[in-house]
Amino acid sequence: MTTLRFYLTDISYRILNKKAVIHLYGRTPDGKQVCVHDARFEPYFYVWPKDDDLQTLKNDLATVRQSSKEGDFFVVRTEDITKRVNEQEQRLLKVVVNMPSGVPEIKDAIRKWPGIKDCFEYDIKFARRYLIDKCLQPMTLIEATGEQMVEESRVPVLKATSVKQANEEALTTPRILAVDIETYNPLGKRVMPDKHPILMLALYGDGFHKVITWKQFPTHEKYIEVVPSEADLLQRFKELVDEYKPDILAGYFSDGFDLPYIRTRADKYRLKLDIGLDHSELKVSGRGQTTAQIAGIVHVDVFKFIRKIISRSMETDVFTLDAVAGELLGEGKHDVDLDRLAPAWDAASEELDTFAKYNLQDSKLTYDLTLKVLPNMIEFVKIIGLPLWDINRMSFSQLVEWYIIKQAAAFNEVTPNRPPYMQQSARMQLRLKGALVFEPTPGLYKDIVVYDYRSLYPSIIASHNISPGTFNCSCCPDAPLVPMEGETYRFCTKKRGFLATIIEDLIARRARIKVLLKQTKDTLLAARSEALKVLSNAFFGYLGFAPARWYCFECGQSILAYGRYYITKVIGSAQKDKFTVLYSDTDSVFLMLGKKSEDDAKAFVQRINKELPGLMELEYESFYPRGIFVAVKASEAGAKKKYALIDRKGSMKIRGFETVRRNTAFIAKETQKEVLRIILGEGDGQKALAHVKSVIADLKSNKVPLEKVVIWTQLTRDVGEYAAIGPHVAAAQRLKARGVDVGPGDMIKYVVTKGKGKIRDRVKLEDEADQEEYDADYYIEHQVIPAVERIFAVLGVSVDEFTQQGSQSTLGGF
DNA sequence: ATTATCCGGGG
DNA sequence: GTGTACGGATAAT
């Protein structure tokens, strides 16, 4: 008998002799990688019987048999249990099945039996079920007892007779290896993994930097390793992963690009990518949206976590490696022209040295980003109790749902089923009465103060005991009504609701951490606080999310009603205190200081907070010297957020303006940004107007360089397959007529030229059009003016004035 | 208003 | 693999 402690990094299962064996991978405190096999866990689900004659039902269940390729599926045994269904105690049967994949099969076979009301928890993946039932926290210390086994495996294997949580100590410094590839991709062509080879592959770890390539070129860099062929590059990649022994293999968009690409290239050479610790292969699943998995090594796609979870709290609205690293690390990608890579490769030129450096830098940024966000991911892993691989790929609603599922087990609450498609569509028809919006009067304002009510909804849920099981309970007919016209909603005042309880716990845990954070500045604690905040803030949205298991429309309505009630209180108090309320939406209030000082504004928050119930808190977000609120089109009644603010440091916060898309001409994007900069930064509307007029004049005299009026659009299918011939399709037809092979993925760059008729009849390819030919009127009317129109409307300038020569506008008083 | 199409990340 | 998982914005009809 051996006892072993290890940090649990990854979990999967395999079928051995028609039985499931859980594989737990991890690293011991002294740095050795290990695997623990646990064959003692059985798959099961729950049955909710219709009547009390359980014996007949049990006898019937014992006879069920479903055959499959893997062998027969059958019920091993049934157990009587008591669990809560929607917060009410019920008698259920726990049905134990012989194999994990038998669970959905057996459930389908019995679901419609007359003696069965419903089945539950038949779609919880086996490995997740194991973690939940055993109360194991991945990334923390686990203790296993058992016998050493002789197994075909890259790491020692222990056959366990006992597995349990040792303590909550987390693996804070896992071994990370970042990977990034550069591929052959001649100008303008889409990514084609089956045709184009991988040219370079960079690996970056702790004291380990390497670029593997298969072309000899002049270089002095020691980290560059030249191998004879692409197949050797892939072979070397395998060897290096095996030697470095990472816990985590990290990439940036590597679920969607690097690893599927490596997979495709390896398949081409019939090379086994058996880098899994049990010698299993790198597994790429899904079409379109792919994911990549390696047994025993956690593949982290750091882009996915940043995009899905961190993006909301970031400034940038593009998530390229360059932009994200720039914001989070203060360091960007190397500036190279990637269109030069393919020609440089063909010429074996010394320029390839620059690309190798670029490749290594990308892997370094990926490594540093992983280090940076890993504490946040690990905190979610610890709070929710699922593996890092899973947490990495989850959206807000999934994080919330799995947190609730984990808590449900602890509260003996059964997990409701996911709604069938029809029910989801029905839910989507229901409209929640939205949050309170105090419409801004369009205009340019000085000295703006913003308050934020960030934890409003979580604190409402906790304070008012909001939960599906406490809604309109029969035991409290006299409970206070939710402040809402036309509805008589109540929530139980006698027993605590399940969701209210667990969100209150989240809030309380965060409050304790915040106290600690005031004493010490600890990045792990900060990450934990952030994770708890993100999770509790996502609860409200989850309750109104059609595919949610714990969907509750009335709960959502009630939270919103209380939200409107509390924000109205703040607006009222501010007005009573003679502040000018500019704007309010949901959980934030924008005030204009006017004659008041910033100190007055801070004192106001403190006064408000004294009047609020314990859990609620209004935060002083920031001061902005200038801001502009823009009117929305009549048809956009719902689009309230359209404003731009500038802070003391000169950085702009722009919300709701035309998002910068690549199929907008650069001249329009550039002009919009410059106009906002002049108006907010310099406060000079005349100058901004003059700027637009000069751009228009330049367009009219065709002085604006052609590359700034080129519109880029990507083809998504073959030219002949389009039902609607848009401008980019017309341009692609011209390209095709010229004999160029265009297809899905190709970027079409076109220019709209002068003339009459439909736009698609006037498009020319970038290289066909002359500087003199582009249609200034099109670019003025459809690109530049729409981008700045509403900004100027705020200043009382109408579209006509853009084109008038130097006339005195209504801007005078501004 | 509803339906079709495109985009993102990656080279 | 206790299967099948994008989500949001915009242009076209």
Side-chain angles (χ1 to χ4, degrees), chain A residues 12-15 20 42-45 68-70 73 95 97 99-108 119-130 180-193 196-200 251-261 283 285-291 293 301-304 306-308 311 317-324 336-342 345 355 358-359 362 366 393-395 397-398 418 547 635 639 658-664 712-717 721-729 744-745 759-760:
Chain A
S12 56
Y13 79 94
R14 296 276 183 262
I15 299 292
E42 299 174 296
Y44 67 90
F45 67 107
S68 83
K69 282 178 293 191
E70 295 173 82
F73 297 136
V95 178
V97 176
M99 273 202 271
S101 40
V103 169
E105 299 285 335
I106 300 280
K107 167 249 160 191
D108 284 340
C119 300
F120 297 112
E121 305 196 16
Y122 45 76
D123 58 355
I124 295 177
K125 288 187 216 158
F126 192 57
R128 291 184 181 184
R129 173 93 275 168
Y130 180 85
D180 182 65
I181 60 169
E182 305 301 327
T183 65
Y184 188 79
N185 193 4
L187 184 61
K189 280 292 170 191
R190 82 194 120 122
V191 171
M192 286 189 280
H196 294 151
I198 297 170
L199 308 182
M200 297 174 179
Y252 196 86
F253 195 54
S254 44
D255 257 347
F257 182 71
D258 301 79
L259 293 191
Y261 211 111
K283 197 172 96 191
S285 23
R287 298 207 302 135
Q289 267 257 141
T290 51
T291 55
Q293 222 169 349
D301 183 346
V302 66
F303 160 75
K304 258 193 185 151
I306 291 172
R307 184 74 229 251
K308 289 188 167 182
S311 60
D317 54 5
V318 284
F319 291 87
T320 57
L321 178 57
D322 190 52
V324 168
V336 302
D337 179 4
L338 264 182
D339 289 339
R340 295 275 323 131
L341 174 56
W345 181 264
F355 286 107
Y358 165 87
N359 189 195
D362 276 9
T366 303
R393 287 156 182 80
M394 285 180 155
S395 60
S397 61
Q398 287 171 309
R418 302 160 80 173
S635 63
E658 286 74 13
T659 35
V660 184
R661 291 165 67 98
R662 69 179 176 203
N663 55 0
T664 305
W712 299 51
T713 308
Q714 191 170 40
L715 278 190
T716 55
R717 59 189 74 179
E721 287 173 29
Y722 278 93
I725 309 294
H728 69 295
V729 186
I759 289 168
R760 69 176 181 217

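The chains referred to below are lettered A, B, ... by the order of the sequence lines, with proteins before strands, and numbering in each begins at 1.
Here CZ of A:Phe45 is found 7.0 Å from CD1 of A:Ile106. Values are rounded to the nearest 0.5 Å.
Spacing of C1' atoms, C:dA5 relative to C:dT10, comes out at 24 Å, to the nearest Å. Atom C1' of C:dG7 sits at a distance of 15 Å from the matching atom of B:dG9, rounded to the whole Å. The same atom, P, is picked in C:dG8 and in C:dG3; the two are 25 Å apart, to the nearest Å.
If you check every strand for non-hydrogen atoms under 4.0 Å, A:Tyr261 touches nothing. Residue contacts for A:Pro100: at a heavy-atom cut-off of 4.0 Å it reaches a base atom on one of the strands shown. Residue contacts for A:Glu121: at a heavy-atom cut-off of 4.0 Å it reaches a base atom on one of the strands shown. Residue-level contact check: A:Asp180 touches the backbone only, with heavy atoms under 4.0 Å from sugar-phosphate atoms and none from bases. Among the heavy atoms of the strands lying under 4.0 Å from A:Lys283 are primed sugar atoms or P, OP1, OP2 only; no base atom is included. A:Glu70 comes within 4.0 angstrom of a nucleotide base, judged by non-hydrogen atoms across all strands. Contacts of A:Leu199 with the nucleic acid, taken as non-hydrogen atoms under 4.0 Å apart, are absent. Base engagement by A:Tyr122 is indicated by at least one non-hydrogen atom pair under 4.0 Å involving a base atom. Counting non-hydrogen atoms under 4.0 angstrom, A:Asp362 reaches the backbone sugars and phosphates but no base.
Using a 4.5 Å cut-off on side-chain heavy atoms (C-beta onward), A:Met200 and A:Tyr358 make no contact.
The main-chain N or O of A:Arg393 is never found under 3.5 Å from a side-chain atom of A:Asp301 such that the two would form a donor-acceptor pair. A donor-acceptor pair under 3.5 Å links the side-chain atoms of A:Asp258 to the main chain of A:Ile181, judged by distance alone. Judged by distance alone, with hydrogens and angles left aside, the side-chain atoms of A:Thr366 form a donor-acceptor pair with the main-chain N or O of A:Asp362 at under 3.5 Å.
Regarding contacts with the backbone of B:dG9, a side-chain N or O of A:Arg307 is found under 4.0 angstrom from either OP1 or OP2. The shortest distance between the side-chain N/O atoms of A:Lys304 and the OP1/OP2 oxygens of C:dC6 is not below 4.0 Å. Look at A:His728 and you'll find a side-chain N or O under 4.0 angstrom from OP1 or OP2 of B:dC6.
Nearest to the side-chain atoms of A:Tyr252 among the listed nucleotides C:dT4, B:dG10, B:dG11 stands B:dG10. Here C:dG3 is the nucleotide among C:dG3, B:dG10, B:dG11 with the atom lying nearest to any side-chain atom of A:Asp123. Listed nucleotides C:dA5, B:dG10, B:dG9 differ in distance to A:Leu321; the shortest reach to its side chain belongs to B:dG10. The side chain of A:Phe257 has B:dG11 as its nearest neighbour among B:dG11, B:dG9, C:dG3.
Look at CZ on A:Arg393: it is 19 Å from P on C:dG3, rounded to the nearest Å. The separation between A:Lys69 atom NZ and C:dG1 atom C1' is 11 Å, rounded to whole Å. As a whole-Å value, the separation of A:Ile124 CD1 from C:dA5 C1' is 17 Å. A straight line from CZ of A:Phe303 to C1' of B:dG8 spans 6 Å, rounded to a whole angstrom. Look at CD on A:Gln289: it is 15 Å from P on B:dG10, rounded to the nearest Å. Distance A:Asp301 CG to C:dC6 C1': 14 Å, rounded to the nearest Å. A:Asp108 places its CG atom 14 Å from the C1' atom of C:dG1, with the value rounded to the nearest Å. Atom pair A:Ile181:CD1 and B:dG10:P shows a separation of 12 Å (rounding to whole Å applied).
At a cut-off of 3.5 Å, with distance as the only test, a side-chain donor of A:Glu70 or A:Ser101 sits close to an acceptor on the other residue.
Figure legend: cation-pi geometry between A:Lys107 and A:Tyr122, with NZ or CZ positioned under 6.0 Å from the six-membered ring centre and within 45° of its axis.
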